[in-house]
Protein chains: 8
Amino acid sequence: MSEYFNFEFDRENRQGFTEVIYCEGKPNEVFLEILDQITDNLNDTLFLLSKVTKEQAYLLKEKNVTVYKKSRFGSTYIIGGGKPKIRTGKVLILSGGSSDISVVEEIALALEFHGLGFESYQDVGVANLRRLSSLYSNIDEADFTSVIVVAGFEGALFSVVNSLFSIPVIAVPSPVGYGKGGQGEAALFSALQSCSPGLSVVNIGNGISAAAIAVRIANLIKST
Amino acid sequence: MSEYFNFEFDRENRQGFTEVIYCEGKPNEVFLEILDQITDNLNDTLFLLSKVTKEQAYLLKEKNVTVYKKSRFGSTYIIGGGKPKIRTGKVLILSGGSSDISVVEEIALALEFHGLGFESYQDVGVANLRRLSSLYSNIDEADFTSVIVVAGFEGALFSVVNSLFSIPVIAVPSPVGYGKGGQGEAALFSALQSCSPGLSVVNIGNGISAAAIAVRIANLIKST
Amino acid sequence: MSEYFNFEFDRENRQGFTEVIYCEGKPNEVFLEILDQITDNLNDTLFLLSKVTKEQAYLLKEKNVTVYKKSRFGSTYIIGGGKPKIRTGKVLILSGGSSDISVVEEIALALEFHGLGFESYQDVGVANLRRLSSLYSNIDEADFTSVIVVAGFEGALFSVVNSLFSIPVIAVPSPVGYGKGGQGEAALFSALQSCSPGLSVVNIGNGISAAAIAVRIANLIKST
Amino acid sequence: MSEYFNFEFDRENRQGFTEVIYCEGKPNEVFLEILDQITDNLNDTLFLLSKVTKEQAYLLKEKNVTVYKKSRFGSTYIIGGGKPKIRTGKVLILSGGSSDISVVEEIALALEFHGLGFESYQDVGVANLRRLSSLYSNIDEADFTSVIVVAGFEGALFSVVNSLFSIPVIAVPSPVGYGKGGQGEAALFSALQSCSPGLSVVNIGNGISAAAIAVRIANLIKST
Amino acid sequence: MSEYFNFEFDRENRQGFTEVIYCEGKPNEVFLEILDQITDNLNDTLFLLSKVTKEQAYLLKEKNVTVYKKSRFGSTYIIGGGKPKIRTGKVLILSGGSSDISVVEEIALALEFHGLGFESYQDVGVANLRRLSSLYSNIDEADFTSVIVVAGFEGALFSVVNSLFSIPVIAVPSPVGYGKGGQGEAALFSALQSCSPGLSVVNIGNGISAAAIAVRIANLIKST
Amino acid sequence: MSEYFNFEFDRENRQGFTEVIYCEGKPNEVFLEILDQITDNLNDTLFLLSKVTKEQAYLLKEKNVTVYKKSRFGSTYIIGGGKPKIRTGKVLILSGGSSDISVVEEIALALEFHGLGFESYQDVGVANLRRLSSLYSNIDEADFTSVIVVAGFEGALFSVVNSLFSIPVIAVPSPVGYGKGGQGEAALFSALQSCSPGLSVVNIGNGISAAAIAVRIANLIKST
Amino acid sequence: MSEYFNFEFDRENRQGFTEVIYCEGKPNEVFLEILDQITDNLNDTLFLLSKVTKEQAYLLKEKNVTVYKKSRFGSTYIIGGGKPKIRTGKVLILSGGSSDISVVEEIALALEFHGLGFESYQDVGVANLRRLSSLYSNIDEADFTSVIVVAGFEGALFSVVNSLFSIPVIAVPSPVGYGKGGQGEAALFSALQSCSPGLSVVNIGNGISAAAIAVRIANLIKST
Amino acid sequence: MSEYFNFEFDRENRQGFTEVIYCEGKPNEVFLEILDQITDNLNDTLFLLSKVTKEQAYLLKEKNVTVYKKSRFGSTYIIGGGKPKIRTGKVLILSGGSSDISVVEEIALALEFHGLGFESYQDVGVANLRRLSSLYSNIDEADFTSVIVVAGFEGALFSVVNSLFSIPVIAVPSPVGYGKGGQGEAALFSALQSCSPGLSVVNIGNGISAAAIAVRIANLIKST
């Protein structure tokens with residue numbers, strides 16, 4: 001056993017969602033020891049790494065770790081071997097603007113890791129309601145098991161989407177905006193104050209947790 | 001049509017959750033006009049009122065409005081006639097302490113309004129882990145479709161419960177605590193920072209929204 | 001001259017907007033001295049009083065001050081004699097919910113004081129987009145010189161309205177909402193973070209200042 | 001259509017203000033795809049880019065994008081071809097100190113983009129009231145359709161200017177100041193708390209939105 | 001000696017400023033014991049009480065305590081006998097609006113207690129610069145040893161006055177204003193961020209401390 | 001078992017500190033049910049109640065509950081029968097001013113409940129260092145097992161005391177002070193930022209927790 | 001004596017805890033002068049340096065300072081000669097996750113400096129209660145004199161551990177977490193709001209102060 | 001006249017304190033134009049520059065600007081020729097720790113610029129009261145006209161010094177400390193909440209303003 005680390009290899013079996021390895025802030029020595037510990041299982045197991053720094057990405061490369069998939073922007077990796085276990089259900093991902101893309105990618109990879117399908121539409125914020133309305137009229141909510149909305153600035157998209165859908169809607173504030181409250185705080189406050197009840201909120205930029213809510217809901221459907 | 005009010009009578013049909021009448025802050029004249037408008041439908045329709053003030057409760061009595069059920073503490077009312085439409089699913093409600101009771105009652109009434117069953121256990125906070133463990137070992141999570149956790153103070157119960165269950169868990173911070181952060185802010189921060197992914201957060205004391213998440217999930221199961 | 005007070009009787013002539021008498025927090029002795037000073041001009045001059053407390057309202061009655069008009073809720077008074085000077089232009093007032101009514105009334109009275117017409121629609125928040133869309137399609141923005149939007153909770157209405165109109169839109173956050181940020185802070189943050197540019201923001205509940213912006217714009221049109 | 005981006009080419013026609021491309025935080029791949037999409041229109045259309053990072057400025061150069069004009073400091077670009085559509089009206093821009101210059105430049109470029117004239121005076125803060133008074137006595141407010149004031153530190157300039165003019169005044173807090181509140185928060189609070197009613201406030205450093213308010217007002221005059 | 005209280009009777013001799021008895025929050029039993037202890041010295045000594053509550057004012061009356069002077073509004077008392085020790089110097093007190101009057105009165109009484117003269121002008125805020133300029137041109141700063149400025153809302157008066165005078169200027173934020181930051185926070189931030197150096201700031205509503213600064217300065221002059 | 005309440009009667013045995021009954025916020029019905037449940041044990045067991053409201057104090061009286069001791073100010077009660085179990089050790093309690101008295105009383109009662117002796121000195125804040133020094137030179141720290149310091153305002157007393165003693169020092173910020181930060185926040189920040197290491201901090205006004213730390217330390221000594 | 005520095009060489013004798021040299025923020029010239037001053041004592045004295053920056057670490061190397069021990073991660077150094085004075089007692093250190101390691105190392109070094117033994121278990125947060133329970137059942141609390149808990153995110157571990165142990169528990173919030181409150185604020189709030197009384201809190205990342213509390217307690221035991 | 005800059009060359013004559021050139025945040029082009037404008041006066045005039053960045057320091061060197069004196073740490077410069085005008089009075093500067101040195105140096109240079117003498121003692125914080133007491137007993141406060149105290153962390157030094165002296169005391173919070181509130185906020189709150197009246201507070205790190213208060217007081221003495 002590691003002096004630093006105490007990995008729960010069976011968390012997905014126990015809880016229906018993997019133990020994500022949150023990488024930011026871990027010293028290199030710790031990061032490498034984690035890699036060593038999990039690579040013994042790499043042949044047939046996948047692992048999900050979030051908030052991988054550039055230096056850590058370099059270490060991954062240098063150690064020749066098998067990368068199953070990684071996000072184009074941002075810092076999410078699926079490493080190891082084998083295939084995700086396919087789940088029933090499909091998630092609709094909507095984002096307010098093109099600056100939200102790295103949060104969207106973290107969500108997408110976490111869903112893919114858990115074998116859950118999704119459709120994704122970017123830059124459909126309320127600055128152009130016709131764009132949003134036209135998208136909405138082309139979507140059949142019966143095709144989806146939940147909606148994940150990513151938005152920065154004032155986060156108006158959360159309430160607007162939540163009032164259109166009757167399936168579970170999950171709000172992910174994104175750290176984009178102007179001056180005061182622009183690190184995602186205004187969007188977080190909007191999500192928490194939604195005038196439309198039934199919105200599930202996660203912290204700023206926490207795409208992993210939003211995906212986990214969607215997976216928990218999908219788990220539920222499978223088991224009914 | 002009212003000059004002040006624009007009620008959406010068919011919201012439950014459209015969205016699967018009723019238009020709740022949030023009463024606090026409404027002047028008496030407005031409150032009475034709302035009552036007048038909805039009592040025309042009282043014979044066979046139920047309405048959900050939240051945050052009813054003492055003065056408004058008195059007006060309800062004076063106007064002889066038919067009360068289907070009201071919370072013992074706090075300020076939630078179901079008024080009108082008819083019966084709730086029964087839904088599949090059952091919700092587990094847990095609270096950290098006996099001061100959370102008025103939030104718990106708001107949740108319970110909102111679930112009952114939407115025909116969703118529940119089991120409720122109070123005062124099972126982390127100050128006594130054995131109490132919580134013994135409760136947990138007597139519960140079969142397969143009996144439930146979601147868990148709603150109400151907690152004030154440091155909100156440690158949210159993460160502890162979220163890491164025990166694999167079904168959706170919803171956190172409702174309660175406005176109870178000491179000095180700095182004691183109006184529920186510390187509990188809200190805990191919920192948003194949970195080290196255990198997949199926790200759905202609502203704002204402090206917003207039991208209505210927690211119930212709405214549970215109903216949205218239950219709606220989904222019915223439709224699968 | 002008063003020891004406490006230094007009234008600028010000609011401010012409307014100088015600046016196109018009256019010196020409003022902000023009443024909250026003034027001791028009775030000061031309030032009465034102000035009344036005494038301005039009632040010498042009551043025959044042909046109107047005065048605008050904001051945030052009048054219940055005790056001050058009682059003093060107004062006891063002193064037999066001539067009330068030209070007062071708000072039904074809230075605490076705005078026009079006292080004195082004469083008639084407002086009529087201005088060109090019309091303001092569209094929209095509010096998110098029926099709890100915003102006292103802010104709306106303050107705006108309406110301040111506009112009436114300055115002879116500016118308005119149309120007002122309450123409870124048209126984003127929880128029901130169809131309601132809002134139907135209202136929007138019945139409005140011709142060419143009829144108006146500005147839009148004032150009053151909203152509490154998450155304030156999503158500000159951005160939605162601002163992206164629909166091309167005339168000036170003014171956001172007034174209303175002190176209505178849940179727990180954290182529920183005293184209008186979340187709505188204020190939303191207004192300041194609007195993803196749609198060109199939104200004029202005033203402080204929480206400051207209907208007087210919103211009316212003053214509308215009057216400044218109307219002044220401008222008259223002078224072109 | 002782009003996977004990331006959903007540009008509304010006709011927003012200026014629809015709303016009287018262009019869709020500004022907010023660049024900060026967009027990954028290079030997204031930024032380049034946006035450039036590709038809009039350069040197809042470069043011959044006769046102008047585009048406004050705000051908060052362009054140094055790396056993005058380098059990409060603009062490398063792609064040989066036609067730059068119509070760029071700010072000397074800060075990071076605002078007008079790219080593309082054609083000429084701005086000239087509008088009636090003129091804006092007076094005042095700034096408190098020489099550190100506000102990059103916000104002033106963003107405003108100036110956004111006004112120029114929309115064909116609106118302006119006069120600009122820097123470093124006229126309240127630390128020297130004689131400087132400000134002498135400036136004020138040389139200005140005829142009838143020449144202008146609005147005033148935009150940029151100020152950091154305590155933002156006293158907002159109220160002082162707002163109480164001197166009767167045309168619309170717009171406050172842009174600038175992120176300059178000492179320790180606590182020195183990122184523009186104190187100036188923002190001052191703007192929101194102005195003792196002089198009728199001040200339009202935008203978020204810290206949001207020159208684009210201030211320009212958009214001025215343009216909305218100018219649009220209105222043209223249409224009267 | 002009291003179990004609760006530990007009065008330093010000679011503080012004025014030691015420090016040149018009396019030990020003020022801050023009354024708010026003291027239980028009646030404690031308040032009465034303090035009165036008992038100090039009334040033994042009432043024949044020839046004066047005591048300064050601040051933030052006296054209504055209940056405590058009633059106790060003062062009931063105990064027939066000799067009141068030397070009390071503020072008309074607010075809650076400051078000088079009790080006991082004898083006469084203040086006269087000091088050299090005169091303080092100029094300026095306030096932004098008539099709602100600041102109770103803070104002004106606390107300052108005035110504390111100065112009178114220490115035998116320091118003052119002149120006081122109310123409601124000279126920046127909403128009317130001509131009023132302020134005319135006042136300023138009638139004042140000779142050589143007549144004064146310091147200026148105390150009381151202002152709420154945005155506190156612009158602090159910087160404006162500080163840039164006009166070369167003697168020490170002391171800023172007392174007053175708890176008056178709108179919504180966000182309206183309990184004096186915006187005014188406090190303004191004072192701390194003044195673009196004009198050399199402004200001495202005290203906490204919101206702390207008139208006693210402002211008077212103490214003025215007295216410390218006057219002490220210094222006497223001793224030169 | 002109660003529907004609301006889940007009392008751990010043996011917590012003192014398990015943890016060395018009783019389960020305190022935090023009363024504020026509990027509805028009367030819940031409070032009475034708790035009383036009923038514990039009065040079955042009143043003959044030979046003591047219970048500690050904190051933050052008892054006036055209404056609850058009245059209920060205690062009406063139900064003729066046996067009160068072992070209650071605080072003169074504030075709202076702490078020891079009810080029931082029997083005697084505290086005597087512990088080794090003695091606590092030194094110091095407070096900055098006479099307004100801290102109700103927090104001091106809560107601490108004193110909680111120590112007495114657990115059979116721990118104490119000495120208490122009030123109003124020994126840093127405004128008079130000689131007072132504090134003289135007290136310090138008369139105290140032998142070898143007589144005590146810990147020091148509890150209660151202070152409001154700027155909380156300078158925490159660091160000063162912590163740097164004088166080598167036994168454990170516990171800081172309890174008290175909700176007393178001026179304007180900004182005056183609800184105990186400034187004192188809490190001071191405690192957390194102490195330049196002198198080894199200070200144990202509890203939340204504002206949480207005397208119970210400070211006493212519990214002292215009891216945990218005393219428990220330890222007994223067991224060595 | 002140094003112009004900058006005023007070292008108290010005998011603080012450990014006076015207070016039982018050394019004067020730690022907090023290095024961050026000190027200019028190189030000051031840092032070097034401190035090194036010069038203390039290296040005169042290096043033969044038989046140890047010094048504790050905290051928050052050593054990379055540049056300062058380089059200076060240490062260049063000056064050939066004798067390093068007794070340094071933390072693997074983070075920035076704590078023991079320099080000089082001689083041996084720590086051994087103390088009675090043992091500390092249990094628990095951390096929530098592997099990102100807390102640098103705080104843990106600072107604590108460990110500070111304990112070692114003062115001759116206090118410890119056992120340390122990492123990554124035992126509440127995301128896996130079984131892991132924590134199994135650890136707890138293998139520990140005999142009689143072996144320890146205090147517990148130091150390091151946790152980031154929601155800090156639920158503080159309350160859970162505090163409710164399991166009856167010896168003193170010390171909470172060190174760690175600056176690890178998501179978006180809002182993720183710099184350790186949420187964990188700090190949790191510690192301050194613990195529903196379980198008797199938790200000693202120190203500021204975010206202040207491992208030195210936690211160690212000092214443990215040493216003060218150990219000092220006490222030695223002296224009994 | 002510059003397009004960016006509007007220098008008031010005679011401010012020292014008008015106000016008794018120079019117009020300080022605050023450099024941080026000014027673009028190079030603006031900084032150079034300011035240098036050009038003022039170097040025309042360099043032969044017999046001194047200028048004070050604060051918060052000079054490393055890049056700006058390099059520009060100063062490259063332009064061969066005559067440096068009269070610069071701070072060893074930090075970023076304050078006196079440039080130009082001639083000699084300061086000598087003032088009566090002497091300032092006592094005290095700092096809590098050696099990390100406050102760059103703030104101390106800014107104060108020292110600003111005093112020297114205005115011809116005011118000073119004595120300075122570093123690292124005399126409350127962690128060692130004997131050190132402070134011994135310093136205090138060697139100082140005769142009659143030698144000084146004011147005291148400037150610089151302190152970070154909890155800022156306890158402000159109140160302790162303020163209660164020892166009867167001349168004006170000025171508090172400068174320094175941006176040094178731990179986690180929450182460690183950027184000088186805790187020290188600022190302490191200064192604003194001082195239990196000892198008569199403390200003049202400036203913003204975090206604003207040594208210039210503290211010096212200006214000392215100069216204003218010295219001006220006053222000269223003129224008596």
Side-chain angles (χ1 to χ4, degrees), chain C residues 8 11-20 22 48 50 88-89 110 114 141-142 144-147 162-171 173 188-189 191-204 206-224, chain D residues 8 11-20 22 48 50 88-89 110 114 141-142 144-147 162-171 173 188-189 191-204 206-224:
Chain C
E8 184 181 7
R11 188 172 300 168
E12 195 180 351
N13 289 333
R14 181 172 69 84
Q15 267 218 290
F17 196 82
T18 192
E19 174 161 6
V20 182
Y22 183 95
L48 185 58
S50 76
T88 310
H114 289 88
E141 83 164 311
F144 298 96
T145 48
S146 61
V147 188
N162 198 47
S163 71
L164 290 173
F165 286 84
S166 64
I167 56 174
V169 177
I170 302 153
L188 175 61
F189 274 3
L192 289 170
Q193 285 290 350
S194 179
C195 63
S196 162
L199 183 65
S200 293
V201 184
V202 299
N203 207 335
I204 300 165
N206 195 347
I208 292 289
S209 196
I213 295 176
V215 170
R216 282 177 183 248
I217 291 170
N219 287 344
L220 195 68
I221 293 169
K222 217 175 47 184
S223 72
T224 56
Chain D
E8 185 182 5
R11 190 174 297 170
E12 195 181 351
N13 290 334
R14 182 172 68 83
Q15 268 219 288
F17 196 82
T18 192
E19 173 159 9
V20 182
Y22 183 95
L48 185 58
S50 76
T88 310
H114 289 88
E141 84 164 308
F144 298 97
T145 46
S146 59
V147 188
N162 198 47
S163 71
L164 290 173
F165 288 84
S166 63
I167 57 175
V169 177
I170 302 151
L188 175 60
F189 274 2
L192 290 169
Q193 285 290 350
S194 180
C195 62
S196 164
L199 184 66
S200 294
V201 184
V202 300
N203 208 336
I204 300 166
N206 196 346
I208 292 290
S209 196
I213 295 176
V215 170
R216 282 178 183 248
I217 291 169
N219 287 344
L220 196 66
I221 293 168
K222 219 178 46 188
S223 71
T224 57

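Every chain is numbered from 1, with letters handed out A, B, ... down the list of sequences.
Neither the backbone nor the side chain of C:E141 comes within contact range of chain D, judged by heavy atoms closer than 4.5 Å. For C:L164, the part lying under 4.5 angstrom from a heavy atom of chain D is the backbone only. At a 4.5 Å heavy-atom cutoff, D:E19 makes no contact with chain C through either its backbone or its side chain. With a 4.5 Å cut-off on non-hydrogen atoms, D:V169 touches chain C through its backbone and its side chain both. Within the 4.5 angstrom heavy-atom criterion, atoms from both the backbone and the side chain of D:N162 approach chain C.
Judged purely by atom type and a 3.5 angstrom limit, D:R216 has no side-chain atom pairing as donor or acceptor with the backbone of C:L199.
For the pair C:L188 and D:L192, the minimum side-chain heavy-atom distance is below 4.5 Å.
Between C:G198 and D:S209, the closest heavy-atom pair is N-OG, 2.9 Å. The two residues D:L220 and C:P168 make their nearest non-hydrogen contact at CD2-CD, 4.1 Å.
Most heavy-atom pairs under 4.5 Å with chain D, from the set C:P197, C:A214, C:A212: that is C:P197. In terms of heavy-atom pairs under 4.5 angstrom with chain D, the leader among C:S163, C:A191, C:A171 is C:S163.
Distance check, rounded to the nearest 0.5 Å: CD1 of C:I217 to CD1 of D:I221 gives 9.5 Å.
Applying the ring-ring contact (aromatic ring centres under 6.0 Å, His included) test to D:F165 and every residue at least two apart in sequence or in another chain returns D:Y136.
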